[in-house]
Peer 1: 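The structure is given below, and queries will be raised subsequently.
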Amino acid sequence: MSIFSKIAAGEIPSYKVAEDAGHFAFLDINPMAPGHTLVIPRREVDYLFDLSSDEYAELMEFARKVAIKMKKALPCKRIGVAVLGMEVPHAHIHLVPLQSEADMDFRAPKLSLAAEEMKRIADAIAQA
Ligand code: AMP
């Protein structure tokens, strides 16, 4: 079971943002910007483009709904979208609140936010 499957199953704690029967969204533990969110399919597939076309379309639609909530809840100009998968072998989409391009630099030092702040942000997105 991947670490992200364990998160979606509630076996490992996370700052949950949204979920449905097939998908789960939670805050990245080392965010590039406050509210940086990861969106995953519950089905454990390593590479995003190995999803079936239906699964891919459903994941993107779920991500779209999450991004709309993020835009409402957080002070940002846009929600940036990226897929890397260099670290965790469970397909995931990065959604990053952007004030500028500099907020989406994967090589820049990551933020470390207090647990209460992460919880506050996750709840704000969930309730948006
Ligand atoms: P990548 O696989 O290259 O797209 O990067 C994986 C992302 O998952 C990184 O941004 C990590 O900070 C994030 N990450 C790894 N473990 C956790 C975790 N337990 N909870 C939340 N985010 C995580």
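Order of appearance sets the numbers: ligands from 1, and atoms from 1 within every ligand.
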Peer 1: Distance under 4.0 Å to a non-hydrogen atom of Val88: what atoms of ligand 1 satisfy this?
Peer 2: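 Here the atoms of ligand 1 in question are 2 (O), 6 (C).
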Peer 1: May I ask you to identify the nearest protein heavy atom to atom 22 (N) of ligand 1, giving residue, atom name and distance to one decimal place in Å?
Peer 2: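 Looking at atom 22 (N) of ligand 1, the protein heavy atom closest to it is Ile29 N, 3.1 Å.
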Peer 1: For ligand 1, indicate whether the residue Ile12 contacts it via side chain, backbone, both or neither (heavy-atom separation under 4.0 Å).
Peer 2: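 None of Ile12 does.
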Peer 1: Against ligand 1, does Met32 come closer than 4.0 Å with any heavy atom?
Peer 2: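 For ligand 1, residue contact (heavy atoms, under 4.0 Å) with Met32 is absent.
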Peer 1: List the closest protein heavy-atom neighbour of atom 1 (P) of ligand 1: residue, atom name, distance to the nearest 0.1 Å.
Peer 2: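 Of the protein heavy atoms, His92 NE2, 3.3 Å lies nearest.
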Peer 1: Below 4.0 Å from any atom of ligand 1, is there a heavy atom belonging to Ile7?
Peer 2: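 True for this residue.
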Peer 1: Can you name the residues that form a ring-ring contact (aromatic ring centres under 6.0 Å, His included) with Phe4, not counting sequence neighbours?
Peer 2: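 For Phe4, the residues satisfying ring-ring contact (aromatic ring centres under 6.0 Å, His included) (neighbours in sequence not counted) are Phe26, His92.
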Peer 1: Mark up the atoms of ligand 1 that fall under 4.0 Å of a heavy atom belonging to Leu84, in ascending order.
Peer 2: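 Under 4.0 Å from Leu84, ligand 1 has these atoms: 3 (O), 4 (O).
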Peer 1: Among all protein heavy atoms in this structure, tell me which lies nearest to atom 3 (O) of ligand 1, with the distance rounded to 0.1 Å.
Peer 2: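 Here the closest protein heavy atom is Met86 N, 3.0 Å.
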Peer 1: Going from NZ on Lys71 to NZ on Lys77, what distance comes out if it is rounded to the nearest 0.5 angstrom?
Peer 2: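 So the NZ of Lys71 and the NZ of Lys77 are separated by 10.5 Å.
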Peer 1: When you measure from atom 5 (O) of ligand 1 to every protein heavy atom, which one gives the shortest distance, and what is it?
Peer 2: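 Checked against all protein heavy atoms, atom 5 (O) of ligand 1 sits closest to Glu87 CB, 3.6 Å.
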Peer 1: Does the N or O separation between His36 and ligand 1 drop below 3.5 Å for any pair?
Peer 2: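 No - when backbone and side-chain N and O of His36 are compared with those of ligand 1, no distance drops under 3.5 Å.
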Peer 1: Any heavy-atom pair between the side chains of Thr37 and Met70 that's under 4.5 Å?
Peer 2: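 Yes, at least one pair of side-chain atoms sits under 4.5 Å.
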Peer 1: Is a donor on one side and an acceptor on the other found under 3.5 Å between the side chain of Arg42 and the backbone of Asp20?
Peer 2: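 Yes; judged by distance alone, with no hydrogens or angles, the pair exists.
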Peer 1: Do Lys110 and His36 have side chains that approach each other closer than 4.5 Å (heavy atoms only, starting at C-beta)?
Peer 2: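 They are not in contact (no side-chain heavy atoms under 4.5 Å apart), so the answer is no.
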Peer 1: How close does the nearest protein non-hydrogen atom get to atom 16 (N) of ligand 1, and which residue and atom is it?
Peer 2: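 Here the closest protein heavy atom is Phe4 CE2, 4.1 Å.
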Peer 1: Check whether any side-chain heavy atom of Pro41 lies under 4.5 Å from a side-chain heavy atom of His90, and answer yes or no.
Peer 2: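 Pro41 vs His90: side chains touch.
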Peer 1: Are the side chains of Ile7 and Leu38 in touch, meaning some heavy atoms are under 4.5 Å apart?
Peer 2: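 A side-chain contact is absent here, since even the closest heavy-atom pair is not under 4.5 Å.
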Peer 1: Does Leu27 approach ligand 1 within less than 4.0 angstrom via side chain, backbone, both or neither, non-hydrogen atoms only?
Peer 2: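 Just the backbone.
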Peer 1: Given 3.5 Å as the limit, does a donor-acceptor pair link the side chain of Asp105 with the main chain of Ala102, or not?
Peer 2: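 Absent.
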Peer 1: Transitive ILVMFWY cluster of Met104 at side-chain heavy atoms under 4.5 Å: who else is in it?
Peer 2: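 Members other than Met104 - counting any ILVMFWY side chain reachable under 4.5 Å - are Met32, Leu84, Met86, Val96, Leu98, Phe106.
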Peer 1: Which ligand 1 atoms does Leu38 reach within 4.0 Å, using its non-hydrogen atoms?
Peer 2: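 Near Leu38, meaning under 4.0 Å from one of its heavy atoms, ligand 1 has 8 (O), 13 (C), 22 (N).
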Peer 1: Side chains of Tyr15 and Ile29, heavy atoms from C-beta outward: is any pair under 4.5 Å?
Peer 2: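 Side chain of Tyr15 against side chain of Ile29, heavy atoms only: contact under 4.5 Å found.
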Peer 1: What atoms in ligand 1 come closer than 4.0 Å to a heavy atom of Ile3?
Peer 2: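 Near Ile3, meaning under 4.0 Å from one of its heavy atoms, ligand 1 has 19 (N).
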Peer 1: Starting from atom 13 (C) of ligand 1, which protein heavy atom do you reach first, and at what distance in Å?
Peer 2: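 Checked against all protein heavy atoms, atom 13 (C) of ligand 1 sits closest to Asp28 OD2, 3.3 Å.
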Peer 1: Determine, using heavy atoms of Tyr15 and all atoms of ligand 1, whether some pair is separated by less than 4.0 Å.
Peer 2: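 No.
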Peer 1: Are any of the heavy atoms in His94 under 4.0 Å away from ligand 1?
Peer 2: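 Within the 4.0 Å threshold, so yes.
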Peer 1: Is Phe106 touching ligand 1 with its side chain, its backbone, both, or neither, if touching means heavy atoms under 4.0 Å apart?
Peer 2: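 None of Phe106 does.
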Peer 1: Testing the basics here: between Leu51 and Tyr56, what is the closest heavy-atom pair and its distance to 0.1 Å?
Peer 2: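 In this case the closest contact between Leu51 and Tyr56 is CB-N, 4.1 Å.
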Peer 1: Under 4.0 angstrom from ligand 1, any heavy atom of Gly85?
Peer 2: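 Yes, Gly85 has heavy atoms under 4.0 Å from ligand 1.
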Peer 1: Closest approach of Ile121 and Pro34, non-hydrogen atoms and distance?
Peer 2: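 Minimum heavy-atom separation between Ile121 and Pro34: CD1-CB, 3.9 Å.
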